[in-house]
Q: 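Sharing a structure here in structure tokens format.
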Amino acid sequence: MKSEPQNYSIDNLYEDHTQPWDGVRNYQARNFMRDKMQIGDLAFFYHSNTKIPAIVGISKVISEPYPDFTQFDAHSKYFDPKSTKDAPRWMLIDVEFVEKFKRPVTLNELRSNVFLAGMQILQKGNRLSITPVSHEHWEIIMQLASK
DNA sequence: GCCAACGTTGGC
DNA sequence: GCCAACGTTGGC
């Protein structure tokens with residue numbers, strides 16, 4: 001799960017403990033939260049659009065999907081006038097802080113690791129803020145993070 | 001700040 | 001339903 005650290009960083013999640021993952025306005029990313037993520041699932045926390053893009057830690061899914069409240073808030077930048085409470089367009093899940101890596105695993109590092117070449121986040125043109133990670137890739141990245 | 005990639009919008 | 005125009009993402 002990507003987040004721009006100037007908006008919301010792993011340290012913010014550490015302070016907050018839990019956080020609704022609001023503001024996702026891409027249907028594919030929404031579908032991952034709505035249809036694929038289960039309570040207890042772990043996710044890498046990725047800092048995007050920053051000097052050194054990197055995976056910086058881990059969060060955990062702690063809720064069923066439910067409507068993203070910001071879509072109904074006319075003052076929010078995530079307000080969606082086309083969404084209704086009867087048929088909410090945007091769903092989210094709550095995440096909980098699990099750990100911050102001792103060191104960030106940088107995008108450079110991910111790209112230079114031949115065993116990670118299949119990762120969706122590394123594919124050309126990928127812009128999705130939420131992408132699946134295979135068990136195999138997960139283990140490799142955990143190894144890198146512990147070095 | 002640039003720009004490639006890609007999603008969305010809306011006219012037709 | 002096509003597709004040009006436009007907006008956003010995000011690495012560099």
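All values below come from the heavy atoms of this structure, side chains included, with hydrogens, waters and symmetry mates left out. Treat the numbers as computed from the prediction; the structure is a model and nothing was measured. Numbers restart at 1 for each chain; the letters A, B, ... are given by sequence-line order, proteins then strands.
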Q: At under 4.0 Å between heavy atoms, how does the protein contact nucleotides 5-11 of chain B? Give one character per nucleotide, 5' to 3', with B, S or -.
A: BBSS---
Q: Sequence neighbours left out, what pairs pass ring-ring contact (aromatic ring centres under 6.0 Å, His included) with at least one residue falling in residues 89-124 of chain A?
A: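 As it turns out, the ring-ring contact (aromatic ring centres under 6.0 Å, His included) pairs with a partner in residues 89-124 of chain A, which skip direct neighbours, are Y14(A)-F97(A), Y27(A)-W90(A).
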Q: Which residue pairs satisfy the side chain to side chain donor-acceptor pair (under 3.5 Å) criterion with at least one member in residues 100-110 of chain A, sequence neighbours excluded?
A: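 Residue pairs with at least one partner in residues 100-110 of chain A: D11(A)-K100(A), R103(A)-E109(A).
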Q: Could you give all pairs that pass the ring-ring contact (aromatic ring centres under 6.0 Å, His included) test and reach residues 29-53 of chain A, with sequence neighbours left out?
A: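 Found W21(A)-F45(A), F44(A)-W138(A), F45(A)-H47(A).
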Q: Salt bridge (Lys or Arg N to Asp or Glu O under 4.0 Å) with D16(A): which residues, sequence neighbours excluded?
A: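 Testing D16(A) for salt bridge (Lys or Arg N to Asp or Glu O under 4.0 Å), a comparison that skips the adjacent residues, returns none.
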Q: Which atom pairs, donor and acceptor, lie under 3.5 Å between side-chain atoms of residues 126-135 of chain A and protein residues at least two apart or in another chain?
A:
| unit_1 | atom_1 | unit_2 | atom_2 | d |
| --- | --- | --- | --- | --- |
| S134(A) | OG | H137(A) | N | 3.1 |
| S134(A) | OG | H137(A) | ND1 | 3.2 |

